[in-house]
Number of protein chains: 2
Amino acid sequence: MNIGEASRASGVSSKMIRYYEATGLIPPAGRSGSGYRTYGPKEVQTLRFIRRARDLGFPMEKVSDLLALWHDRSRASADVKHLAEAQVAALEARIVEMQTMQATLRHLVHACAGDDRPDCPILSDLGGIRTASPAP
Amino acid sequence: MNIGEASRASGVSSKMIRYYEATGLIPPAGRSGSGYRTYGPKEVQTLRFIRRARDLGFPMEKVSDLLALWHDRSRASADVKHLAEAQVAALEARIVEMQTMQATLRHLVHACAGDDRPDCPILSDLGGIRTASPAP
DNA sequence: CCTTGACCTTCCCATCATGGGAAGCCCCAT
DNA sequence: ATGGGGCTTCCCATGATGGGAAGGTCAAGG
């Protein structure tokens with residue numbers, strides 16, 4: 001099967017498949033007589049694996065680690081679990097960071113009249129004027 | 001004051017100050033006789049404004065909008081509020097997305113023994129083998 | 001006066017993962 | 001044989017940031 005079909009079957013764009021090959025994440029695909037990349041079910045499964053890992057937020061480097069473990073039949077499941085736990089923690093850190101931003105913003109939004117007058121605590125705060133801060 | 005001092009006073013790196021100028025987010029700074037950029041308290045305040053907006057997760061484009069509103073004395077606070085509310089919603093969307101990933105991962109982590117045996121539902125799932133899915 | 005070190009300038013490159021597009025070759029059906 | 005769609009490689013762009021090189025400038029101290 002050609003790259004387009006592999007793309008449709010795996011949910012990974014042709015561009016990305018070539019990119020993964022160029023960066024060494026996946027081995028070079030076989031080539032037809034005329035230079036077209038060819039893929040079989042095994043390669044498609046690998047691409048799907050990558051796609052799912054990406055969907056779970058793993059960065060490429062960790063996807064590479066997961067792929068290596070996947071291919072290593074003598075792996076310890078603990079190693080896989082550690083990678084996954086680290087990713088849970090990484091997601092948690094980013095979630096907390098964004099929730100903090102969101103809470104601050106909600107506070108400011110709440111304090112803003114939102115009418116046709118120009119006075120706005122949101123801008124005042126961004127401008128450095130501390131209008132109302134929680135007492136320490 | 002030179003760019004380094006303005007950087008220290010605003011919390012924006014010199015690199016970024018030049019970048020903001022190059023992209024038109026801020027007007028070109030004044031120049032000393034020898035070509036050094038010069039900044040006053042007003043410019044530093046603007047830089048701090050930008051930094052705070054970035055800290056709240058606003059993309060550069062929205063920061064630009066906020067700056068324009070900040071400088072517009074006849075603005076309606078409703079316009080500012082809308083921008084802030086949109087940012088709250090954008091953050092919410094990303095938070096939910098990451099929480100979804102996290103929940104899936106936690107589920108998989110929970111199902112993985114994490115010992116020295118190779119069997120691992122995490123890899124099985126990524127590989128496309130549906131081991132246990134919640135009944136619909 | 002000259003050196004030294006800290007600072008400034010511009011310009012180019014890298015990140016991370018992805019998409020867009022051009023130029024040119026290939027395959028299949030009409 | 002012709003047309004349309006698919007494939008190839010190569011270059012460029014994103015968004016926001018940092019790194020670094022090559023060269024000019026400033027202030028302090030010898």
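First the proteins, then the strands, lettered A, B, ... as listed; each starts at 1.
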Consider the side chain of [X], meaning its heavy atoms from C-beta on, and name the nucleotide among [options] that approaches it most closely.
{"X": "Tyr36(A)", "options": "dT17(D), dA17(C), dC26(C)", "result": "dC26(C)"}
{"X": "Arg18(B)", "options": "dT10(C), dT17(D), dA17(C)", "result": "dT10(C)"}
{"X": "Ile3(A)", "options": "dT8(D), dA17(C), dT17(D)", "result": "dT8(D)"}
{"X": "Arg54(B)", "options": "dC8(C), dC7(D), dA16(D)", "result": "dA16(D)"}

Assess whether a salt bridge exists between Arg117(A) and Asp115(A), defined as any Lys/Arg side-chain N lying under 4.0 Å from an Asp/Glu carboxylate O. yes
Give a yes or no on whether a salt bridge exists between Arg106(B) and Glu92(A), defined as a side-chain N under 4.0 angstrom from a carboxylate O. yes
dT9(D) phosphate, OP1 or OP2, under 4.0 Å from Arg31(A) side-chain N/O: yes
Nearest nucleotide by nearest heavy atom, which residue falls closer to the 5' end of DNA chain D, Met60(B) or Ser34(B)? Met60(B)
Measuring from Asp79(A):CG to Asp65(A):CG, what's the distance to the nearest 0.5 Å? 10.0 Å
Assign [X] to base, sugar-phosphate, or nothing according to its heavy-atom contacts below 4.0 angstrom with the strands shown.
{"X": "Ser13(B)", "answer": "sugar-phosphate"}
{"X": "Ser14(B)", "answer": "nothing"}
{"X": "Arg37(B)", "answer": "sugar-phosphate"}

When Lys15(B) and Glu5(B) are each assigned the nearest nucleotide of DNA chain C, the 5'-most assignment goes to Glu5(B)
